[in-house]
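Computed from a prediction, not measured in an experiment: that's the story for all the values here. Below, read A as the first sequence line, B as the second, and so on, with proteins coming before strands; counting in each chain starts at 1.
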2 protein chains.
Amino acid sequence: MKESSRSSKGSHVARPVSTEQRLMDVAATLFASKGYAAVGIREIAREAGLTIGSLYHYASSKEDLFIKLLRSSYVSAIDRARKTIAMAPTPAQRLQALIRLHIVGEVTEANVWELERTELEVISPEARAALIELRDEFEQLWRDIIEEGISDGSFAPEDPAIVRISILRMCNGVVLWYRPDGRLTLDEISDIVFRQALLLLRAG
Amino acid sequence: MKESSRSSKGSHVARPVSTEQRLMDVAATLFASKGYAAVGIREIAREAGLTIGSLYHYASSKEDLFIKLLRSSYVSAIDRARKTIAMAPTPAQRLQALIRLHIVGEVTEANVWELERTELEVISPEARAALIELRDEFEQLWRDIIEEGISDGSFAPEDPAIVRISILRMCNGVVLWYRPDGRLTLDEISDIVFRQALLLLRAG
DNA sequence: GTCTATAGGCTGATAGAC
DNA sequence: GTCTATCAGCCTATAGAC
(Lines give C-alpha, C1' and ligand atoms only; values in the text may rest on other atoms or scores of the structure.)
Protein backbone atom coordinates (compact mmCIF):
# COMPACT_ATOMS: atom_id res chain seq x y z
CA MET A 1 0.00 0.00 0.00
CA LYS A 2 2.95 2.31 0.66
CA GLU A 3 3.96 3.87 -2.63
CA SER A 4 7.41 5.28 -1.82
CA SER A 5 7.95 6.24 -5.45
CA ARG A 6 10.53 8.73 -4.24
CA SER A 7 12.97 5.89 -3.68
CA SER A 8 16.32 7.18 -4.91
CA LYS A 9 17.44 4.08 -6.78
CA GLY A 10 15.03 4.48 -9.67
CA SER A 11 15.18 0.73 -9.99
CA HIS A 12 12.97 -1.13 -12.46
CA VAL A 13 12.73 -4.25 -10.35
CA ALA A 14 9.95 -4.87 -7.83
CA ARG A 15 10.20 -2.26 -5.11
CA PRO A 16 12.19 -3.68 -2.21
CA VAL A 17 10.43 -3.85 1.11
CA SER A 18 12.18 -3.43 4.42
CA THR A 19 12.51 -6.45 6.66
CA GLU A 20 10.44 -4.68 9.27
CA GLN A 21 7.65 -4.00 6.79
CA ARG A 22 7.71 -7.59 5.60
CA LEU A 23 7.55 -8.79 9.20
CA MET A 24 4.55 -6.58 9.91
CA ASP A 25 2.76 -7.73 6.77
CA VAL A 26 3.34 -11.37 7.62
CA ALA A 27 2.20 -10.89 11.19
CA ALA A 28 -0.91 -9.01 10.08
CA THR A 29 -1.88 -11.76 7.65
CA LEU A 30 -1.32 -14.55 10.16
CA PHE A 31 -3.03 -12.84 13.10
CA ALA A 32 -5.98 -11.86 10.93
CA SER A 33 -6.47 -15.33 9.51
CA LYS A 34 -5.90 -17.44 12.61
CA GLY A 35 -6.22 -15.14 15.58
CA TYR A 36 -3.57 -13.87 17.99
CA ALA A 37 -3.33 -16.91 20.23
CA ALA A 38 -3.22 -19.42 17.40
CA VAL A 39 -0.14 -17.90 15.79
CA GLY A 40 3.29 -18.68 17.20
CA ILE A 41 6.33 -16.46 16.91
CA ARG A 42 8.17 -19.29 15.19
CA GLU A 43 5.59 -19.29 12.41
CA ILE A 44 5.78 -15.53 12.03
CA ALA A 45 9.56 -15.61 11.93
CA ARG A 46 9.64 -18.42 9.39
CA GLU A 47 7.13 -16.73 7.07
CA ALA A 48 9.07 -13.48 7.30
CA GLY A 49 12.34 -15.25 6.52
CA LEU A 50 13.82 -14.65 9.94
CA THR A 51 14.81 -16.68 12.96
CA ILE A 52 13.26 -16.13 16.34
CA GLY A 53 16.26 -14.26 17.61
CA SER A 54 16.08 -11.80 14.72
CA LEU A 55 12.37 -11.28 15.21
CA TYR A 56 13.02 -10.05 18.71
CA HIS A 57 15.22 -7.33 17.28
CA TYR A 58 12.08 -5.72 15.82
CA ALA A 59 9.65 -6.29 18.65
CA SER A 60 10.24 -6.85 22.32
CA SER A 61 7.47 -9.43 22.63
CA LYS A 62 4.69 -11.11 20.70
CA GLU A 63 2.25 -8.67 22.23
CA ASP A 64 4.44 -5.73 21.27
CA LEU A 65 4.51 -7.01 17.69
CA PHE A 66 0.73 -7.24 17.70
CA ILE A 67 0.35 -3.72 19.08
CA LYS A 68 2.81 -2.22 16.60
CA LEU A 69 1.02 -3.85 13.71
CA LEU A 70 -2.45 -2.82 14.82
CA ARG A 71 -1.33 0.74 15.40
CA SER A 72 0.30 1.06 11.99
CA SER A 73 -2.72 -0.52 10.32
CA TYR A 74 -5.12 1.82 12.07
CA VAL A 75 -3.00 4.89 11.43
CA SER A 76 -2.58 4.19 7.74
CA ALA A 77 -6.28 3.33 7.36
CA ILE A 78 -7.28 6.60 9.02
CA ASP A 79 -4.82 8.52 6.90
CA ARG A 80 -6.09 7.06 3.66
CA ALA A 81 -9.68 7.47 4.74
CA ARG A 82 -9.17 11.17 5.49
CA LYS A 83 -7.64 11.76 2.07
CA THR A 84 -10.43 9.86 0.36
CA ILE A 85 -13.11 11.76 2.22
CA ALA A 86 -11.51 15.10 1.41
CA MET A 87 -11.98 14.50 -2.30
CA ALA A 88 -15.73 13.83 -2.26
CA PRO A 89 -18.14 16.77 -2.08
CA THR A 90 -21.31 15.21 -0.66
CA PRO A 91 -21.92 12.88 2.31
CA ALA A 92 -23.21 10.16 0.00
CA GLN A 93 -20.17 10.40 -2.23
CA ARG A 94 -17.87 10.41 0.77
CA LEU A 95 -19.62 7.31 2.06
CA GLN A 96 -19.34 5.58 -1.29
CA ALA A 97 -15.62 6.29 -1.52
CA LEU A 98 -15.04 5.19 2.07
CA ILE A 99 -16.94 1.93 1.64
CA ARG A 100 -14.95 1.05 -1.45
CA LEU A 101 -11.67 1.99 0.20
CA HIS A 102 -12.47 -0.07 3.27
CA ILE A 103 -13.63 -3.18 1.43
CA VAL A 104 -10.75 -3.17 -1.04
CA GLY A 105 -8.26 -2.43 1.70
CA GLU A 106 -9.41 -5.33 3.82
CA VAL A 107 -9.36 -7.82 1.00
CA THR A 108 -6.01 -6.82 -0.45
CA GLU A 109 -4.30 -6.34 2.89
CA ALA A 110 -5.17 -8.15 6.10
CA ASN A 111 -8.47 -7.72 7.85
CA VAL A 112 -7.33 -6.34 11.16
CA TRP A 113 -10.71 -4.84 12.02
CA GLU A 114 -12.32 -8.09 12.96
CA LEU A 115 -9.49 -8.71 15.39
CA GLU A 116 -10.70 -6.08 17.82
CA ARG A 117 -13.69 -8.25 18.52
CA THR A 118 -11.96 -10.23 21.25
CA GLU A 119 -8.25 -10.09 20.57
CA LEU A 120 -7.79 -6.57 21.90
CA GLU A 121 -8.41 -7.95 25.35
CA VAL A 122 -5.12 -9.80 25.47
CA ILE A 123 -3.03 -6.65 25.41
CA SER A 124 -2.16 -4.40 28.33
CA PRO A 125 -4.70 -1.74 29.36
CA GLU A 126 -2.58 1.27 28.38
CA ALA A 127 -1.78 -0.03 24.91
CA ARG A 128 -5.37 -1.12 24.48
CA ALA A 129 -6.64 2.34 25.36
CA ALA A 130 -4.43 3.89 22.70
CA LEU A 131 -5.63 1.42 20.09
CA ILE A 132 -9.25 1.91 21.00
CA GLU A 133 -8.69 5.62 20.59
CA LEU A 134 -7.43 5.03 17.06
CA ARG A 135 -10.33 2.73 16.29
CA ASP A 136 -12.74 5.37 17.56
CA GLU A 137 -10.99 7.97 15.43
CA PHE A 138 -11.61 5.79 12.40
CA GLU A 139 -15.23 5.20 13.32
CA GLN A 140 -15.65 8.92 13.92
CA LEU A 141 -15.03 9.48 10.22
CA TRP A 142 -18.08 7.35 9.45
CA ARG A 143 -20.07 8.99 12.22
CA ASP A 144 -19.28 12.43 10.79
CA ILE A 145 -20.42 11.48 7.31
CA ILE A 146 -23.71 10.19 8.65
CA GLU A 147 -24.21 13.29 10.79
CA GLU A 148 -23.47 15.55 7.85
CA GLY A 149 -25.93 13.64 5.72
CA ILE A 150 -28.58 14.02 8.39
CA SER A 151 -27.84 17.74 8.67
CA ASP A 152 -28.16 18.42 4.98
CA GLY A 153 -31.23 16.21 4.71
CA SER A 154 -29.79 13.52 2.47
CA PHE A 155 -29.87 10.89 5.24
CA ALA A 156 -32.61 10.12 7.77
CA PRO A 157 -31.79 6.84 9.50
CA GLU A 158 -34.02 5.46 12.24
CA ASP A 159 -31.03 4.87 14.51
CA PRO A 160 -27.75 6.42 13.29
CA ALA A 161 -25.55 4.43 15.66
CA ILE A 162 -26.93 1.03 14.70
CA VAL A 163 -26.86 1.94 11.04
CA ARG A 164 -23.21 2.92 11.32
CA ILE A 165 -22.36 -0.35 13.01
CA SER A 166 -24.35 -2.27 10.42
CA ILE A 167 -22.59 -0.59 7.51
CA LEU A 168 -19.18 -1.28 8.98
CA ARG A 169 -20.10 -4.90 9.57
CA MET A 170 -21.33 -5.25 5.99
CA CYS A 171 -17.96 -3.96 4.80
CA ASN A 172 -15.91 -6.05 7.21
CA GLY A 173 -17.78 -9.18 6.26
CA VAL A 174 -16.87 -9.09 2.58
CA VAL A 175 -13.38 -10.45 3.11
CA LEU A 176 -14.89 -13.57 4.69
CA TRP A 177 -16.65 -14.72 1.55
CA TYR A 178 -15.12 -12.81 -1.35
CA ARG A 179 -13.31 -14.93 -3.91
CA PRO A 180 -11.38 -13.41 -6.84
CA ASP A 181 -13.00 -15.90 -9.22
CA GLY A 182 -16.46 -15.36 -7.76
CA ARG A 183 -19.65 -13.97 -9.22
CA LEU A 184 -18.88 -10.35 -8.40
CA THR A 185 -15.83 -8.12 -8.56
CA LEU A 186 -14.74 -6.09 -5.56
CA ASP A 187 -15.98 -2.95 -7.29
CA GLU A 188 -19.40 -4.48 -7.90
CA ILE A 189 -19.59 -5.68 -4.30
CA SER A 190 -18.58 -2.25 -3.05
CA ASP A 191 -21.34 -0.66 -5.12
CA ILE A 192 -23.96 -3.07 -3.80
CA VAL A 193 -22.86 -2.49 -0.22
CA PHE A 194 -22.98 1.24 -0.83
CA ARG A 195 -26.54 1.06 -2.16
CA GLN A 196 -27.52 -1.09 0.83
CA ALA A 197 -25.98 1.53 3.11
CA LEU A 198 -28.06 4.19 1.39
CA LEU A 199 -31.21 2.15 1.96
CA LEU A 200 -30.45 2.04 5.66
CA LEU A 201 -29.61 5.74 5.79
CA ARG A 202 -32.61 6.98 3.86
CA ALA A 203 -35.17 5.11 5.91
CA GLY A 204 -36.59 8.20 7.55
CA MET B 1 -32.33 -23.63 26.94
CA LYS B 2 -33.27 -27.26 27.53
CA GLU B 3 -36.50 -27.27 29.51
CA SER B 4 -36.58 -30.85 30.81
CA SER B 5 -39.70 -30.10 32.85
CA ARG B 6 -40.39 -33.80 32.89
CA SER B 7 -37.70 -34.25 35.53
CA SER B 8 -39.13 -36.76 38.00
CA LYS B 9 -38.05 -35.03 41.18
CA GLY B 10 -40.58 -32.22 41.00
CA SER B 11 -38.09 -30.16 42.96
CA HIS B 12 -38.77 -26.51 43.70
CA VAL B 13 -35.10 -25.52 43.63
CA ALA B 14 -33.32 -24.27 40.53
CA ARG B 15 -33.37 -27.00 37.93
CA PRO B 16 -30.17 -29.03 38.22
CA VAL B 17 -27.95 -29.17 35.19
CA SER B 18 -25.91 -32.19 34.25
CA THR B 19 -22.15 -31.95 34.53
CA GLU B 20 -21.91 -32.49 30.80
CA GLN B 21 -24.30 -29.64 30.07
CA ARG B 22 -22.41 -27.37 32.44
CA LEU B 23 -19.15 -28.31 30.76
CA MET B 24 -20.56 -27.53 27.33
CA ASP B 25 -21.94 -24.19 28.48
CA VAL B 26 -18.64 -23.19 30.02
CA ALA B 27 -16.70 -24.25 26.94
CA ALA B 28 -19.09 -22.35 24.66
CA THR B 29 -18.75 -19.17 26.68
CA LEU B 30 -14.98 -19.35 26.84
CA PHE B 31 -14.41 -20.30 23.21
CA ALA B 32 -16.83 -17.62 22.06
CA SER B 33 -15.24 -14.88 24.14
CA LYS B 34 -11.56 -15.68 23.65
CA GLY B 35 -11.29 -17.95 20.65
CA TYR B 36 -10.43 -21.63 20.43
CA ALA B 37 -6.66 -21.34 20.66
CA ALA B 38 -6.69 -18.87 23.55
CA VAL B 39 -8.65 -21.16 25.85
CA GLY B 40 -6.87 -23.98 27.67
CA ILE B 41 -8.48 -27.15 28.91
CA ARG B 42 -7.32 -26.27 32.44
CA GLU B 43 -9.40 -23.12 32.30
CA ILE B 44 -12.42 -24.96 30.97
CA ALA B 45 -12.11 -27.67 33.60
CA ARG B 46 -11.68 -25.16 36.41
CA GLU B 47 -14.70 -23.09 35.32
CA ALA B 48 -16.79 -26.22 35.04
CA GLY B 49 -15.71 -27.39 38.49
CA LEU B 50 -13.75 -30.36 37.20
CA THR B 51 -10.15 -31.45 36.97
CA ILE B 52 -8.46 -32.12 33.66
CA GLY B 53 -8.74 -35.85 34.10
CA SER B 54 -12.49 -35.62 34.60
CA LEU B 55 -12.90 -33.37 31.60
CA TYR B 56 -11.45 -36.09 29.40
CA HIS B 57 -14.21 -38.37 30.50
CA TYR B 58 -16.68 -36.21 28.53
CA ALA B 59 -14.57 -35.43 25.48
CA SER B 60 -11.66 -37.28 23.96
CA SER B 61 -9.77 -34.11 23.11
CA LYS B 62 -10.02 -30.34 23.15
CA GLU B 63 -11.01 -30.46 19.50
CA ASP B 64 -13.65 -33.07 20.19
CA LEU B 65 -15.08 -30.86 22.92
CA PHE B 66 -15.20 -27.96 20.47
CA ILE B 67 -16.90 -30.05 17.81
CA LYS B 68 -19.48 -31.46 20.24
CA LEU B 69 -20.36 -28.02 21.47
CA LEU B 70 -20.64 -26.46 18.01
CA ARG B 71 -22.78 -29.34 16.81
CA SER B 72 -25.18 -29.14 19.73
CA SER B 73 -25.37 -25.34 19.40
CA TYR B 74 -26.12 -25.54 15.71
CA VAL B 75 -28.65 -28.34 16.09
CA SER B 76 -30.57 -26.61 18.84
CA ALA B 77 -30.48 -23.28 16.98
CA ILE B 78 -31.87 -24.92 13.85
CA ASP B 79 -34.51 -26.70 15.86
CA ARG B 80 -35.69 -23.56 17.59
CA ALA B 81 -35.58 -21.61 14.34
CA ARG B 82 -37.77 -24.15 12.57
CA LYS B 83 -40.36 -24.02 15.32
CA THR B 84 -40.30 -20.23 15.31
CA ILE B 85 -40.68 -20.05 11.56
CA ALA B 86 -43.58 -22.49 11.58
CA MET B 87 -45.65 -20.15 13.72
CA ALA B 88 -45.41 -17.06 11.50
CA PRO B 89 -47.66 -16.82 8.43
CA THR B 90 -45.80 -14.36 6.18
CA PRO B 91 -42.15 -14.12 5.10
CA ALA B 92 -41.78 -10.75 6.83
CA GLN B 93 -43.21 -12.11 10.06
CA ARG B 94 -41.02 -15.19 9.84
CA LEU B 95 -38.02 -12.95 9.33
CA GLN B 96 -38.94 -10.77 12.29
CA ALA B 97 -39.32 -13.76 14.58
CA LEU B 98 -36.08 -15.30 13.37
CA ILE B 99 -34.09 -12.09 13.84
CA ARG B 100 -35.35 -11.72 17.38
CA LEU B 101 -34.68 -15.36 18.19
CA HIS B 102 -31.18 -15.15 16.79
CA ILE B 103 -30.20 -11.92 18.52
CA VAL B 104 -31.63 -12.91 21.89
CA GLY B 105 -30.14 -16.38 21.61
CA GLU B 106 -26.66 -15.06 20.93
CA VAL B 107 -26.70 -12.58 23.76
CA THR B 108 -28.16 -14.88 26.39
CA GLU B 109 -26.16 -17.92 25.36
CA ALA B 110 -22.74 -17.84 23.74
CA ASN B 111 -22.14 -16.43 20.30
CA VAL B 112 -20.87 -19.48 18.49
CA TRP B 113 -21.67 -18.11 15.04
CA GLU B 114 -18.75 -15.74 14.90
CA LEU B 115 -16.47 -18.66 15.65
CA GLU B 116 -16.88 -20.17 12.23
CA ARG B 117 -15.06 -17.20 10.79
CA THR B 118 -11.63 -18.76 11.22
CA GLU B 119 -11.87 -21.24 14.05
CA LEU B 120 -13.58 -23.93 12.00
CA GLU B 121 -10.29 -24.38 10.18
CA VAL B 122 -8.58 -25.94 13.16
CA ILE B 123 -10.79 -29.02 13.18
CA SER B 124 -10.44 -32.12 11.02
CA PRO B 125 -11.92 -32.05 7.50
CA GLU B 126 -14.63 -34.65 8.14
CA ALA B 127 -15.93 -32.98 11.29
CA ARG B 128 -15.68 -29.61 9.63
CA ALA B 129 -17.76 -30.78 6.68
CA ALA B 130 -20.51 -31.96 9.02
CA LEU B 131 -20.51 -28.64 10.87
CA ILE B 132 -20.55 -26.63 7.66
CA GLU B 133 -23.53 -28.71 6.59
CA LEU B 134 -25.35 -27.71 9.78
CA ARG B 135 -24.40 -24.08 9.33
CA ASP B 136 -25.68 -24.19 5.76
CA GLU B 137 -28.88 -25.80 6.99
CA PHE B 138 -29.35 -22.87 9.34
CA GLU B 139 -28.60 -20.32 6.65
CA GLN B 140 -30.97 -22.11 4.30
CA LEU B 141 -33.82 -21.16 6.63
CA TRP B 142 -32.99 -17.50 6.02
CA ARG B 143 -32.52 -18.11 2.32
CA ASP B 144 -35.95 -19.74 2.12
CA ILE B 145 -37.65 -16.83 3.82
CA ILE B 146 -36.06 -14.37 1.42
CA GLU B 147 -36.96 -16.51 -1.59
CA GLU B 148 -40.55 -16.85 -0.40
CA GLY B 149 -40.76 -13.10 0.07
CA ILE B 150 -39.46 -12.55 -3.42
CA SER B 151 -41.96 -15.05 -4.83
CA ASP B 152 -44.96 -13.45 -3.16
CA GLY B 153 -43.76 -9.97 -4.06
CA SER B 154 -43.14 -8.68 -0.56
CA PHE B 155 -39.36 -8.60 -1.02
CA ALA B 156 -37.32 -7.36 -3.98
CA PRO B 157 -33.67 -7.13 -2.97
CA GLU B 158 -30.99 -6.06 -5.42
CA ASP B 159 -28.79 -9.02 -4.47
CA PRO B 160 -30.50 -11.65 -2.29
CA ALA B 161 -27.27 -13.38 -1.28
CA ILE B 162 -25.50 -10.25 -0.08
CA VAL B 163 -28.63 -9.06 1.68
CA ARG B 164 -28.87 -12.38 3.52
CA ILE B 165 -25.24 -12.17 4.59
CA SER B 166 -25.71 -8.57 5.66
CA ILE B 167 -28.77 -9.36 7.77
CA LEU B 168 -26.99 -12.21 9.50
CA ARG B 169 -24.00 -10.03 10.20
CA MET B 170 -26.22 -7.30 11.63
CA CYS B 171 -27.71 -9.89 14.00
CA ASN B 172 -24.38 -11.47 14.92
CA GLY B 173 -22.85 -8.10 15.67
CA VAL B 174 -25.31 -7.13 18.37
CA VAL B 175 -23.67 -9.29 21.02
CA LEU B 176 -20.42 -7.36 20.52
CA TRP B 177 -21.80 -4.04 21.71
CA TYR B 178 -25.03 -4.79 23.56
CA ARG B 179 -25.03 -3.92 27.25
CA PRO B 180 -27.95 -4.75 29.57
CA ASP B 181 -27.81 -1.24 30.99
CA GLY B 182 -27.52 0.38 27.58
CA ARG B 183 -29.79 2.72 25.67
CA LEU B 184 -31.87 0.00 24.05
CA THR B 185 -33.38 -3.29 25.17
CA LEU B 186 -32.79 -6.47 23.21
CA ASP B 187 -36.35 -6.30 21.94
CA GLU B 188 -35.91 -2.73 20.73
CA ILE B 189 -32.64 -3.65 19.04
CA SER B 190 -34.27 -6.66 17.41
CA ASP B 191 -37.03 -4.46 16.04
CA ILE B 192 -34.58 -1.94 14.63
CA VAL B 193 -32.53 -4.67 12.99
CA PHE B 194 -35.72 -6.15 11.56
CA ARG B 195 -36.75 -2.82 10.04
CA GLN B 196 -33.24 -2.42 8.63
CA ALA B 197 -33.54 -5.89 7.12
CA LEU B 198 -36.83 -4.88 5.51
CA LEU B 199 -35.19 -1.81 4.00
CA LEU B 200 -32.55 -4.01 2.39
CA LEU B 201 -35.14 -6.51 1.18
CA ARG B 202 -37.60 -4.00 -0.26
CA ALA B 203 -35.05 -2.15 -2.33
CA GLY B 204 -36.57 -3.30 -5.62
C1' DG C 1 -17.06 -40.51 37.28
C1' DT C 2 -13.50 -38.10 39.58
C1' DC C 3 -9.12 -37.71 41.11
C1' DT C 4 -3.52 -37.15 41.19
C1' DA C 5 0.63 -37.44 38.84
C1' DT C 6 3.20 -37.12 34.96
C1' DA C 7 4.70 -37.64 30.15
C1' DG C 8 6.19 -35.30 25.96
C1' DG C 9 6.08 -31.46 23.21
C1' DC C 10 5.54 -26.74 22.15
C1' DT C 11 5.59 -21.77 23.71
C1' DG C 12 7.49 -17.11 24.43
C1' DA C 13 11.60 -15.26 25.54
C1' DT C 14 16.83 -14.65 26.47
C1' DA C 15 22.06 -14.98 26.09
C1' DG C 16 25.72 -14.28 23.61
C1' DA C 17 28.68 -15.26 19.30
C1' DC C 18 29.46 -13.19 14.84
C1' DG D 1 21.10 -7.19 12.33
C1' DT D 2 21.13 -12.08 12.23
C1' DC D 3 22.25 -16.21 14.00
C1' DT D 4 22.38 -20.77 17.31
C1' DA D 5 21.44 -22.70 21.57
C1' DT D 6 18.80 -22.99 25.39
C1' DC D 7 15.59 -22.11 29.39
C1' DA D 8 11.56 -22.28 32.19
C1' DG D 9 6.84 -22.81 31.92
C1' DC D 10 2.68 -24.06 29.89
C1' DC D 11 0.08 -27.04 26.88
C1' DT D 12 -2.72 -31.31 25.58
C1' DA D 13 -3.23 -35.77 26.73
C1' DT D 14 -2.63 -40.28 29.29
C1' DA D 15 -2.15 -43.75 33.16
C1' DG D 16 -3.95 -45.64 36.78
C1' DA D 17 -5.80 -45.37 41.75
C1' DC D 18 -10.18 -44.92 44.05
Side-chain heavy atoms of A:Leu65 within contact of A:Met24, under 4.5 Å: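 Contact flag for A:Leu65/A:Met24 side chains = yes.
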N/O (side chain, A:Thr19) to phosphate O (OP1/OP2, D:dT2) under 4.0 Å: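 Result: yes.
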C:dT2 OP1/OP2 closer than 4.0 Å to side-chain N/O of B:Thr51: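 No, B:Thr51 has no side-chain N/O under 4.0 Å of OP1/OP2 on C:dT2.
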Pairs flagged by ring pair (Phe, Tyr, Trp, His ring centres under 6.0 Å) wherever residues 41-82 of chain B is involved - sequence neighbours left out: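 Non-adjacent pairs meeting ring pair (Phe, Tyr, Trp, His ring centres under 6.0 Å): B:Phe31-B:Phe66, B:Tyr36-B:Phe66, B:Tyr74-B:Trp113.
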Polar contact flag, side-chain donor to acceptor under 3.5 angstrom, A:Asp25-A:Gln21: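 On atom types as modelled, these side chains qualify, holding a pair under 3.5 Å.
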Between [Y] and [X], is the closest basic N to carboxylate O distance under 4.0 Å?
X	Y	value
B:Lys34	B:Glu47	no
A:Glu43	A:Lys62	no
A:Arg195	A:Asp191	no
B:Glu147	B:Arg164	no

Contacting residues from residues 34-41 of chain B, given that a heavy atom lies under 4.0 angstrom of DNA chain D: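 The answer is B:Val39, B:Gly40, B:Ile41.
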Interatomic spacing from CZ in A:Arg169 to CG in B:Asn172 - rounded to 0.5 Å: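 The distance works out to 6.0 Å.
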Value in whole Å for how far the C1' atom of D:dT6 lies from CD1 of A:Ile52: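 The distance from CD1 of A:Ile52 to C1' of D:dT6 comes to 11 Å, rounded to the nearest Å.
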d(CD, A:Glu43; P, C:dT11) in whole Å: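 My rounded result for the distance is 9 Å.
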Any residue of residues 56-71 of chain A with a heavy atom less than 4.0 Å from an atom of DNA chain C: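 Listed by number, they are A:Tyr56, A:Ser61, A:Lys62.
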